[in-house]
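Since we're looking at a predicted model, the values are computed, not measured.
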Amino acid sequence: MDRLTEIKDDLFDISSRIKSIDEDYKIYFNRGTCRYELHNSSKTPTFQAVFPHTTLDKRALDFARQSRVGNKELILAEIDAHNARLEKQRQDGIIQKVLNGLEL
């Protein structure tokens with residue numbers, strides 16, 4: 001944790017707005033990776049995620065809301081639906097190749 005700097009105040013008040021989602025959330029800036037990280041002080045280890053953007057703005061707040069543990073079932077359902085679509089596309093592609101190969 002020596003490379004981590006806790007962000008308590010920021011321009012858009014993102015750190016306190018994220019705390020309103022979960023009071024155990026903390027934002028750190030990792031000087032080694034130059035990225036912002038989301039940590040949960042009630043968990044061990046505390047690391048939760050790396051924010052996908054390099055600045056703290058509304059996108060970081062949206063990311064924290066979407067990725068919180070309370071949304072686990074919704075996130076898993078979205079992943080399953082996405083994987084099902086990919087599998088269907090793959091199968092349709094195979095069927096189309098077979099049909100195209102059979103045309104004389």
### Message
The test is side-chain hydrogen bond (donor to acceptor under 3.5 Å, both in side chains); show your working for Asp10 and Ser15 and say whether it passes.
### Response
CA-CA 7 Å; Asp10 56 273; Ser15 58; 2.9 Å; yes
Measuring from atom [atom1] of [X] to atom [atom2] of [Y], what distance do you get when rounded to the nearest 0.5 angstrom?
{"X": "Tyr28", "Y": "Lys8", "atom1": "OH", "atom2": "NZ", "answer": "8.0 Å"}
{"X": "His82", "Y": "Leu86", "atom1": "NE2", "atom2": "CG", "answer": "4.0 Å"}
{"X": "Thr5", "Y": "Phe29", "atom1": "OG1", "atom2": "CZ", "answer": "8.0 Å"}
{"X": "Tyr25", "Y": "Leu38", "atom1": "OH", "atom2": "CG", "answer": "5.5 Å"}
{"X": "Arg35", "Y": "Thr54", "atom1": "CZ", "atom2": "OG1", "answer": "6.5 Å"}
{"X": "Leu4", "Y": "Arg31", "atom1": "CG", "atom2": "CZ", "answer": "7.5 Å"}

### Task
Determine whether the side chains of Gln96 and Asn100 contain a donor N or O and an acceptor N or O closer than 3.5 Å.
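The criterion, which ignores hydrogens and geometry beyond distance, is satisfied for Asn100 and Gln96.
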### Query
Is a side-chain donor-acceptor pair under 3.5 Å present for Glu37 with Asn30?
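Note: Asn30 and Glu37 side chains meet the donor-acceptor criterion.
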#### Entry: Minimum heavy-atom distance Thr46-His39, with the two atoms named
OG1-ND1, 2.7 Å
### Summary
Heavy-atom closest pair (Ala60 atom, Ile18 atom, distance to 0.1 Å) is O-CD1, 4.1 Å
### Message
Please evaluate residues Ile14 and Ile7 with respect to the criterion side-chain contact (heavy atoms from CB on, under 4.5 Å), reporting the C-alpha separation (whole Å), side-chain torsions for both, the decisive distance (0.1 Å), and the verdict.
### Response
CA-CA 9 Å; Ile14 299 298; Ile7 306 299; over 6 Å; no
### Query
When you check the gap from the basic side-chain N to the acidic O, do Asp62 and Arg59 get nearer than 4.0 Å?
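Judged by the 4.0 Å cut-off on N to carboxylate O distance, Asp62 and Arg59 do not form a salt bridge.
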### Message
Are there over 12 heavy-atom neighbours, none belonging to Glu23, within less than 6.0 Å of that residue's CD?
### Response
no
### Message
Would you say that more than 12 heavy atoms from the other residues, nucleotides or ligands in this model lie under 6.0 Å from the CG of Asp9, or not?
### Response
no
### Query
Hey, mind stepping through Val50 and Phe63 against side-chain contact (heavy atoms from CB on, under 4.5 Å) and telling me if it holds?
CA-CA 10 Å; Val50 173; Phe63 178 79; over 6 Å; no
### Query
With Asp92, which residues qualify under side-chain contact (heavy atoms from CB on, under 4.5 Å), at least two apart?
Lys88
### Query
Can you check whether Asp13's main-chain N or O pairs, donor with acceptor, with Ser16's side chain at less than 3.5 Å?
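Flag set: sc Ser16 to bb Asp13 pair under 3.5 Å.
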### Query
Mind checking what makes salt bridge (charged side-chain N to carboxylate O under 4.0 Å, His left out) contact with Arg17, not counting sequence neighbours?
none
### Query
Mind checking what makes salt bridge (charged side-chain N to carboxylate O under 4.0 Å, His left out) contact with Lys19, not counting sequence neighbours?
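Result, salt bridge (charged side-chain N to carboxylate O under 4.0 Å, His left out) vs Lys19: none returned.
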